[in-house]
Amino acid sequence: MKRFSLLSPRAGAAFITPAGLLVGAFVIVPFFWVIYVSFTNRTLLGRTALNPEFVGLANYLELFSPHRFLDPGQFGFSLVLTIQFVLFSALLGQAALGMALAWLLQQVPKPVKAMTETVVIGAWILPEVVIGFAWFAFLDYDGGTLNGMLDAVGLPRGDWLLDYPFWVIVVFNTWRGTAFSMMLFNSAFASIPPSYFQAADVAGASSWQKFRDIGLPLIRGHVVTDLILITMWTFNVFTPFLLTKGGPGNQTEVLSIYTYRVAFRDFDFGKGAAVGVVVMLINLAFALFYLWVARKRTPGGAA
Amino acid sequence: MARAVSTRRKIGFTIAAWAVGLAIFFPILWTILTSFKTEAEAISSPPSFLFFDWTLENYTTVQERSNYFRHFWNSVVISLGSTLLGLLIAIPAAWSMAFVPGKRTKDVLMWMLSTKMLPPVGVLIPIYLIFRDVGLLDTKTGLVIVLTLINLPIIVWMLYTYFKEIPGEILEAARMDGASLRNEIIHVLTPMAVPGIASTLLLNVILAWNEAFWTLNLTAAKSAPLTAFIASYSSPEGLFYAKLSAASTMAIAPILILGWFSQKQLVRGLTFGAVK
């Protein structure tokens, strides 16, 4: 890939520098700052806001203190909850449903496909706050649409947000993110030569057989990309906060919400920073894994 | 016989596709419908779907009570401001990566993208303190700066993929024909780069418009954009479904319109190019 020279290498480097420096500053400065604060007892307000003291590993020991680790409202509890959340909403929900939808869309006439895609994408690009509210209005006990519809057909009402908060955020996140997996798989299926499927048609293969023996194996790489990305996104997603605020109790306090609560509700910056560091390390592992896979699959990008 | 079966199957799949589309779009559709109901009708049971007295009252109330247009204006300023500033910084970088790639260009690019994978909650704490100390909390300037920075990697990356598709041969041909470097840039490259820049602009305006985490945490009443406004509207004195629906509908209308215009580019950008 020879590029026609438009800039001297030196000018080229100068062109990148501002963007590089800004991105770097925005990531690296907070990164080290968070590490530093995680070793102090800094708070948002009060005496330790201005003169934080060095407390060594105290914040980390508190996070990982063995006899309370898994209690509700503690780090371990949120970690386990987050893993369950990823498992159900990202892997089982978004990926599986997205795959089913993408395959379904391969079988329908073009205009229907375009229409469905548009609608699904529409749901995906809207602001989270609006989505959060729309779902709240749908599930609320008193005025919620779902209970209204259940009334209308004579079924009992449910207090969804109070009784099934975890499943509410799982369904919510599945709904929110399925579009991404669907689109990714869709474009992956589109890259398979149609003749493969035509040959299978001639042989009388069913849709399921075509999926199992042709479709799925040929887009394996895309599936891996998808799984890593949605795992990472779901791991960090903050949107359930808009629906449940982490409650009731701590039942939906996934890690991002837990960090937020410790730092900005309890104002314990030191401990919040310690959680931030641990979460960043987990993310770093994901990101490195993703980059490794992306590099292995195609030289030069996530495509 | 085989044809009949496959036609029937096709109809079945089509119905399924429509049903899924409708189910997914339902919460949005419902919000839009609710915005035209009275508060009483909004929570009536059984819910009325289309047959109610359509009213625009909620829209006027939202504006009168909470100065909706100030937040709308904040959203416009913040999303456009951060996008233009981002483009200004990103265009040279992407340009240089696409046309003068060095050994480490790919690594720099991937590194930039990977920063998007860090949890924002961790970065929020220091940014919050810095902003508080320099007086940028609850200012539009502060939000423009933050949103520019968080979206910069995506802008650079998207521009890069577009610039890279500009064929070098065209430039060589132009040079053969005696075009100067300046003429090449003005008459050959610019027209080819503009569509990519436009798509990037559109995507980033939508991203900035939607952004809720940073805007919620760094603004109060004065410079809150629509997303923060809606979030605050829903908390204190009970929920007003119809009014909140009206506020939401006004907040999503620009996104739906922009989004449907630029569906393909949007998907490409939002998925880091995993979908093309």
Side-chain angles (χ1 to χ4, degrees), chain A residues 3-4 6-7 9 12 15-16 18-19 22-23 26-27 30 33-34 101 104-105 107-108 112 116 119-123 125-130 133-135 137-138 143 145 148-149 151-152 183-184 187 225 232 236 238 256 259-260 263 269 272-273 276 279-280 283 287 291 300-303, chain B residues 13-14 16-17 20-21 24-25 27-28 30-31 43 45-47 89-90 92-93 95-96 99-101 106 110 112 114-115 117-119 121-123 125-126 149 152-153 156 168 171-172 206 210 212-213 227 230-231 234 241 244 248 251-252 255-256 259-260 263 267 271-276:
Chain A
R3 281 276 156 196
F4 202 72
L6 278 169
L7 288 170
F15 272 26
I16 299 191
L22 284 173
V23 173
F26 192 62
V27 175
W33 190 91
V34 165
L101 272 179
L104 177 72
L105 287 185
Q107 330 284 325
V108 301
V112 182
T116 313
V119 165
V120 173
I121 292 169
I125 60 167
L126 293 179
E128 293 173 336
V129 276
V130 172
F133 159 67
W135 272 76
F138 183 65
T145 313
M149 294 199 291
D151 278 350
M183 287 180 299
L184 201 157
S187 75
T225 305
M232 215 150 54
N236 291 309
F238 189 71
S256 58
T259 319
Y260 181 79
F269 275 8
V279 172
M280 280 195 199
N283 272 277
L291 293 184
Chain B
F13 281 137
T14 303
V20 167
I24 287 181
F25 199 62
I28 315 292
W30 195 257
T31 305
I43 55 170
S45 172
I89 302 165
W95 186 273
S96 145
F99 294 112
V100 205
K106 280 267 148 64
M110 285 315 260
M112 279 196 181
S114 70
T115 63
M117 298 166 186
L118 289 174
V121 181
V123 186
I125 303 173
L149 289 173
L152 197 56
V156 170
L171 298 178
E172 282 182 58
I206 293 180
N210 285 353
F213 180 76
T227 44
I230 289 170
S234 54
Y241 283 123
L244 195 44
S248 299
I252 61 179
I255 298 302
L256 281 180
W260 279 332
Q263 200 171 313
V267 169
T271 57
F272 298 156
V275 174
K276 274 213 177 126

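Note that the structure is a prediction, hence the values are computed from the model and not measured. What you see below is based on every heavy atom in this structure, not just the backbone, and it leaves out hydrogens, waters and symmetry mates. Residue numbers start from 1 in every chain, and the chains themselves are labelled A, B, ... in the order their sequence lines are given, proteins ahead of strands.
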Excluding sequence neighbours, so at least two apart, what forms side-chain contact (heavy atoms from CB on, under 4.5 Å) with A:Ala134?
B:Pro27, B:Thr31
How far does CG of B:Leu152 sit from CG of A:Leu22, to the nearest 0.5 angstrom?
6.5 Å
Say you draw a straight line from CG of A:Asn236 to CE of A:Met280; how long is it, rounded to the nearest 0.5 Å?
10.0 Å
Out of A:Leu126, A:Val119, A:Val34, which one racks up the most heavy-atom pairs below 4.5 Å with chain B?
A:Leu126
Would you mind checking which part of A:Tyr260 comes under 4.5 Å of any heavy atom in chain B, side chain (CB onward), backbone (N, CA, C, O), both or neither?
both
Rounding to 0.5 Å, atoms CG (B:Asn210) and CD1 (B:Ile252) come to a distance of 10.0 Å
Among B:Ile28, B:Thr227, B:Ile230, B:Leu244, the one residue meeting side-chain contact (heavy atoms from CB on, under 4.5 Å) with A:Val130:
B:Ile230
Among B:Ser248, B:Ala251, B:Ala90, the residue with the most heavy-atom pairs under 4.5 Å to chain A is B:Ser248
If one checks every heavy atom of A:Val23 against chain B at 4.5 Å, the contacting part turns out to be both
Cut-off 4.5 Å, heavy atoms of chain A, and the answer for B:Ala212 is side chain
Heavy-atom contact with chain A under 4.5 Å, split by part of B:Ile206
side chain
Partners passing side-chain contact (heavy atoms from CB on, under 4.5 Å) against B:Ala17 (at least two apart in sequence or in another chain)
A:Leu104, A:Leu105, A:Val108, A:Val112, A:Thr116
Given that the side chain runs from C-beta out, which part of B:Phe25 has a heavy atom under 4.5 Å from chain A: side chain, backbone, both or neither?
both
